2 protein chains.
Amino acid sequence: MIDVARVAGVSRVTVSRAISHPELVSPPTLARVHAAIEQLGYVPNLNAGSLATRRSRIVGAIVPTLSNAWFADTLDGLGEILEAGGYQLLLGQSRYGEAAEEALVDTFIGRQVDGLVLTGVEHGAAVRRKLRAFGRPVVETWDLTDDPIDMVAGFSNEDAGAAVARHLAQRGYRHLGFLGANERRAGKRLAGFRREAARLGLPGIEAEVVAPPSSIEDGVRMMRALVARASSLQAVYCSNDTLGVGALLACRQQGWAVPRRMAVVGFSDLAIASASQPALSSVRVQAREMGRQAGRMLLARLVGGASVLPRVADLGFSVVARESS
Amino acid sequence: MIDVARVAGVSRVTVSRAISHPELVSPPTLARVHAAIEQLGYVPNLNAGSLATRRSRIVGAIVPTLSNAWFADTLDGLGEILEAGGYQLLLGQSRYGEAAEEALVDTFIGRQVDGLVLTGVEHGAAVRRKLRAFGRPVVETWDLTDDPIDMVAGFSNEDAGAAVARHLAQRGYRHLGFLGANERRAGKRLAGFRREAARLGLPGIEAEVVAPPSSIEDGVRMMRALVARASSLQAVYCSNDTLGVGALLACRQQGWAVPRRMAVVGFSDLAIASASQPALSSVRVQAREMGRQAGRMLLARLVGGASVLPRVADLGFSVVARESS
DNA sequence: CTGAAAGCGCTAACAA
DNA sequence: TTGTTAGCGCTTTCAG
């Protein structure tokens with residue numbers, strides 16, 4: 001910057017202003033500074049700027065994993081909005097681990113991110129405390145809660161589970177089962193599924209769980225294990241579409257007609273759900289829109305702006321009935 | 001940090017050392033410092049550290065989009081390796097735009113990222129110049145070139161296209177078509193496909209292209225357009241599986257038997273390829289492994305270490321023949 | 001509209 | 001092993 005100042009024949013401050021507050025610099029001076037910047041190929045050190053301003057123009061985002069298309073979609077939507085506001089995304093993968101999440105929160109705070117997006121609403125006590133003390137905007141996604149750290153953009157996983165139970169009950173299935181990942185939000189979907197089945201007077205629900213991330217093979221194996229335990233099973237709800245496709249595959253291998261002998265419902269409505277044979281019923285969630293909404297909520301607080309957004313946004317979900325149920 | 005120093009009864013440097021170089025601090029002092037850190041809930045400002053050390057412990061990554069599972073997988077693999085080395089990922093989406101890519105490169109340089117991962121090997125001249133001048137490790141992915149900016153971890157898109165042509169020719173298909181995204185790497189696959197078809201003496205190839213990102217609907221529409229133009233078509237190669245699934249759908253709607261009346265081959269072997277009906281032949285690429293390899297190449301340069309990795313890593317690809325061809 | 005002075009929070013020499 | 005002295009490169013008062 002000193003070099004630029006010398007070449008332009010001005011002081012360092014003026015160069016700084018020409019970059020950050022061009023309206024405070026006279027047009028001729030501005031032109032000279034720009035020329036010097038161009039000539040020297042000068043690129044300002046944003047870290048130094050962040051240190052001085054305490055604003056990094058970076059938003060941190062923590063997802064369990066990128067290899068699930070749905071989280072990637074949320075990030076895509078988030079990035080889309082943030083880019084437009086001049087912010088960038090610093091990424092962290094928690095791999096579904098609470099300790100990893102806390103470590104990520106620490107480094108994000110250390111890097112002075114201007115805002116943070118988390119997946120889910122269940123976090124360690126330390127995470128909640130630190131983030132509240134941090135005092136910068138935080139959006140939790142992919143779930144809902146009465147007591148957010150700050151803001152939420154998601155949907156009710158319990159309600160989604162309950163909706164599937166109603167959907168299956170309506171179609172006459174009574175003996176329901178569940179295949180799911182051993183993970184917080186999948187657990188909530190199971191809880192809602194159980195609660196609603198009980199309310200409707202259906203028999204108790206047999207469940208199989210597996211450590212995330214789930215694979216199609218997991219689905220095949222769990223489906224077999226489940227029917228071995230509960231041969232009267234008529235329908236199974238899977239906490240994600242990958243397991244759902246696995247369950248369909250297991251049915252095909254056993255020669256069971258879907259949905260007559262066994263109905264299957266997945267979750268999150270990936271492309272694979274509509275492409276599979278028979279097409280897999282699923283629960284559609286607004287993955288990308290959740291990211292967008294989170295981005296808007298952050299920007300509203302970051303750049304101020306007129307619009308005051310509510311702290312809680314429920315993006316909802318919908319049961320998509322296809323051939324498998 | 002001053003507060004921590006006072007509480008622990010030491011100087012600021014000692015606190016700094018206790019955090020960054022604990023082996024240089026005596027155990028009792030270290031304990032006092034840690035106690036003070038704990039008590040005050042102190043979180044070091046990493047930006048200040050970066051400013052002083054000129055190392056940010058951040059790697060920038062630019063992908064066209066996150067909403068394609070394959071790039072997300074590459075990032076996942078990259079993140080996996082970098083996390084283990086104590087680095088974090090700063091993300092940028094170019095949306096297949098060269099200007100956007102250059103802007104991202106600028107801010108990444110400005111943020112002093114320690115390394116950079118790009119998608120593809122075709123970049124603006126300014127990007128190449130700036131990155132070479134930057135002097136920090138850069139890995140290009142998802143393609144190969146003789147003249148990398150620095151390092152490459154990818155595969156040959158041209159060879160992949162050629163391999164599909166051979167695969168189809170071997171099975172007796174002669175009139176070949178192509179559906180693809182209007183994008184650099186898809187273009188190379190088409191070029192290889194064309195070249196090989198010509199070499200094998202097959203008729204010229206009809207192609208349809210569409211702006212990325214591709215959708216299943218794009219595939220349906222393009223497939224129809226293609227056969228409207230070239231009714232003798234026997235097989236079609238799609239530059240990604242999404243288009244491939246769309247092509248299959250179009251065939252079903254027309255009542256064409258696949259692969260008898262029309263063979264279809266996709267690209268990148270997403271889960272959707274094996275789940276679709278009939279199962280879609282595809283070209284498998286090592287998306288995650290490309291990310292891992294890029295991560296290893298970066299770390300090898302960043303932390304030094306014994307192993308010297310080659311500048312170019314060809315991860316290859318393989319044609320996966322399924323029911324559709 | 002421009003410049004001088006002071007400081008953001010940390011770390012790398014060097015010395016003790 | 002610990003502390004002292006100088007910055008890292010930028011931005012913000014406050015004067016001029």
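As a basis for the values below, the full set of heavy atoms in this structure was taken, side chains included, without hydrogen atoms, waters or symmetry mates. Reminder, nothing fancy here: chain letters follow the sequence lines and each chain counts from 1. Note that the structure is a prediction, hence the values are computed from the model and not measured.
Checked by atom type and distance alone, the side chain of B:Arg185 never pairs as donor or acceptor with a backbone atom of B:Asp143 at under 3.5 Å.
Checking B:Thr107 against A:Gln88 by side-chain atom types alone, a donor-acceptor pair falls below 3.5 Å. No side-chain N or O of B:Glu140 forms a donor-acceptor pair with one of B:Thr145 less than 3.5 Å apart.
Using a 4.0 Å cut-off between a side-chain N of Lys or Arg and a carboxylate O of Asp or Glu, A:Glu102 and A:Lys130 qualify as a salt bridge. At a threshold of 4.0 Å, the pair B:Arg301-B:Asp150 counts as salt-bridged, since one of the basic side-chain nitrogens sits closer than that to a carboxylate oxygen.
Protein chain B contacts DNA chain C from C:dG9 to C:dA13, reading 5' to 3' and using non-hydrogen atoms of the protein with a distance under 4.0 Å.
Atom P of nucleotide D:dC10 and atom CD of A:Gln112 are separated by 18 Å, given to the nearest angstrom. Straight-line distance from the CG atom of B:Leu51 to the P atom of D:dG7: 14 Å, rounded to whole Å.
Residues passing the ring pair (Phe, Tyr, Trp, His ring centres under 6.0 Å) test with B:Phe108: none are found, sequence neighbours excluded.
Between B:Ser11 and D:dG3, a side-chain N or O to OP1/OP2 separation shorter than 4.0 Å is present.
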**OP:** Show your reasoning for whether side-chain contact (heavy atoms from CB on, under 4.5 Å) applies to A:Leu75 and A:Val63.
**Re:** CA-CA 9 Å; A:Leu75 286 178; A:Val63 292; 4.0 Å; yes
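In this structure the side chain of A:Asp3 reaches within 4.5 angstrom of the side chain of A:Arg6, judged on heavy atoms.
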Original post:
Could you write nucleotides 11-16 of chain D as a row of B, S and -, 5' to 3', where a protein heavy atom under 4.0 Å of any base atom gives B, of only sugar-phosphate atoms gives S, and otherwise -?
Top reply: BB----
